[in-house]
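Following: one structure in structure tokens, then a few remarks.
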2 protein chains.
Amino acid sequence: MLGPMAALPLPKDVFLDVFRSAATRELAPGEVLVSAGQPADQVFNIESGMLMLYRNGSDGRRQVLSFLFRDNFVGLSATDSYFFSVEAVTRARVAVCPRRVLNERLAGDPVAERAFLNMVFRVLEDILDIVYSLGQRTASERLAVFLLYMRHWQRLTDGIADDADPRLATIALPMGRADVADFLGLKKETVIRSLRELQDQGLVRRLDPHAVRILDLPRLRALAGISDFASPRRLG
Amino acid sequence: MLGPMAALPLPKDVFLDVFRSAATRELAPGEVLVSAGQPADQVFNIESGMLMLYRNGSDGRRQVLSFLFRDNFVGLSATDSYFFSVEAVTRARVAVCPRRVLNERLAGDPVAERAFLNMVFRVLEDILDIVYSLGQRTASERLAVFLLYMRHWQRLTDGIADDADPRLATIALPMGRADVADFLGLKKETVIRSLRELQDQGLVRRLDPHAVRILDLPRLRALAGISDFASPRRLG
DNA sequence: CGGCAATTTGATATCCATCAATCGGTGTGG
DNA sequence: CCACACCGATTGATGGATATCAAATTGCCG
């Protein structure tokens, strides 16, 4: 089953081979992998499960900056301490590598360094999409973008090549409503109501609190404003 | 006046020397430097003036992603076409360099490549602050952050070392209210009202539509939640 | 001085947040 | 097996912040 018929392989970046022989760590749901302020002496690569990267304000507010999936790299930092926190949403396994090892790898190999830079660019573009969403889109639009975002990662994680694959009809939402809310700049009640609105309009159907079935993908994409940008384009 | 007494030099990144012998281009206010979708075959470095980087949605919405100042690099892109637009706010001059030249410079010089990567990291961290603002902060908090952000760049651009320098008491706001609004995810009337609120609370005073005097820097910083993050920390 | 564009102010509408139940699963102990 | 307690999700009622629409004012440029 390999070769051209093989399902959409995850595009592994070359520099990720520093994790080849690395130790791994198992995480339970809710377990914290890195805390903001800690010395940033390790980097990670997710082997399985889902994690959540966020920032806390001093007054209890929290912004979820990203959900992280298989083969996502964790530990980007310009400084010597983390400026974000990461915790597991589901049970997860991560490969652990000393930052020093990665740095030596990048310093010694221009191809790896270029691949790393490209990854950082992709992260940057994705974040710019988030900025647009937070600044300009309404609650239901943000939720539509979010569902397509989860669908996108589910597709990559499961290595599904065909956009019409029936496995992509149901989207898993392992995180709680409050996590979604803090990702989208909303409150959990608003997330719930917006989801209900999408359902009332026939775009999706809630199967249970952690699964949604997509009923009308074209209209969902239209609502999300897919045609506009980089990352939404990838979502398509 | 050079030497240790010299005011806070702009930290020029080594890779910027590709602009040494580059051609320059003069821009009038409102003039467009790059349009989203164009082939990304040039990169720029700002020599003077202020520019604005933004994205347009197909329905007329716009998100200003960043204001750009002297020695800011313009043209980050993972792909071969720009995914944002840039236009001049004030009269401005930029140095222009073919992307190919920059790439060759980076490929041939690990030090330059590392400096470039560090710059991308700084951009990333700044954007994460913006994400937190858009997702979690109220209108007046965002405006407070914005004023400190403008103060920060004014300080760098003017090379002012002392945080208490009287020149930093008045902040220039060359852009229109609608530009500020699209940066902060608000409407221009809300920007105006939030500014009035800051004034009514004695934090600032509007001198004219394009200049604000800061009356109570500590309280402004407290409102902005300065203590929390990377970029606000730099604003202090 | 006149005219235009941007800013500011005012009145109202809308969306989202807040506060307060109720519902629904899940696990535990009887 | 059932009763209960707990926690997250959902729904409902209300409030508050921001958007929208409209008018007045200011500043700017000829």
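Everything quoted here is computed from the prediction, not taken from an experiment.
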Flag, side chain of A:Q63 to backbone of B:D129, donor-acceptor distance under 3.5 Å: no
Rounded to the nearest angstrom, tell me the gap between atom [atom1] in [X] and atom [atom2] in [N].
X      : N      : atom1 : atom2 : result
B:I192 : D:dA22 : CD1   : C1'   : 14 Å
A:R177 : D:dT11 : CZ    : P     : 10 Å
B:H210 : C:dA6  : NE2   : C1'   : 8 Å
B:L198 : C:dT8  : CG    : P     : 13 Å
A:Q136 : C:dC15 : CD    : P     : 16 Å
B:R206 : C:dT9  : CZ    : C1'   : 10 Å
B:L143 : C:dT8  : CG    : P     : 11 Å
A:D200 : D:dT10 : CG    : P     : 13 Å

task: Assess whether salt bridge (Lys or Arg N to Asp or Glu O under 4.0 Å) is satisfied between A:R196 and A:D200, documenting all intermediate values.
output: CA-CA 6 Å; A:R196 161 157 283 287; A:D200 291 347; 3.1 Å; yes
field: Pairwise side-chain contact, B:V94 with B:V74, heavy-atom cut-off 4.5 Å (strictly under)
entry: no
- request: Among residues two or more places apart or on two chains, list those pairs meeting side-chain hydrogen bond (donor to acceptor under 3.5 Å, both in side chains) that have a residue in residues 83-96 of chain A.
  value: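 Qualifying pairs, neighbours excluded: A:E47-A:R93, A:Y54-A:E87.
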message: Is B:R196 close enough to C:dT9 that one of its side-chain N or O atoms is under 4.0 Å from OP1 or OP2 there?
response: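 Looking at the OP1 and OP2 atoms of C:dT9, one of them is under 4.0 Å from a side-chain N or O of B:R196.
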statement: Protein heavy-atom contacts under 4.0 Å, written 5' to 3' over nucleotides 16-21 of chain C as B (base), S (sugar-phosphate only) or - (none), form the string SSBB--
- request: Measure the acute angle between the ring planes of B:Y149 and B:W153, then classify it against the limits of 30° and 60° as parallel, tilted or perpendicular.
  value: perpendicular
Hey, can you pull the donor-acceptor pairs under 3.5 Å for the side chains in residues 177-193 of chain A, sequence neighbours left out?
{"residue": "A:R177", "atom": "NH1", "partner": "A:P209", "partner atom": "O", "Å": "2.9"}
{"residue": "A:R177", "atom": "NH2", "partner": "A:P209", "partner atom": "O", "Å": "3.0"}
{"residue": "A:D179", "atom": "OD1", "partner": "A:R62", "partner atom": "NH1", "Å": "3.4"}
{"residue": "A:D179", "atom": "OD1", "partner": "A:R62", "partner atom": "NH2", "Å": "2.8"}
{"residue": "A:D179", "atom": "OD2", "partner": "A:G176", "partner atom": "N", "Å": "3.3"}
{"residue": "A:D182", "atom": "OD2", "partner": "A:R62", "partner atom": "NE", "Å": "2.8"}
{"residue": "A:D182", "atom": "OD2", "partner": "A:R62", "partner atom": "NH2", "Å": "2.9"}

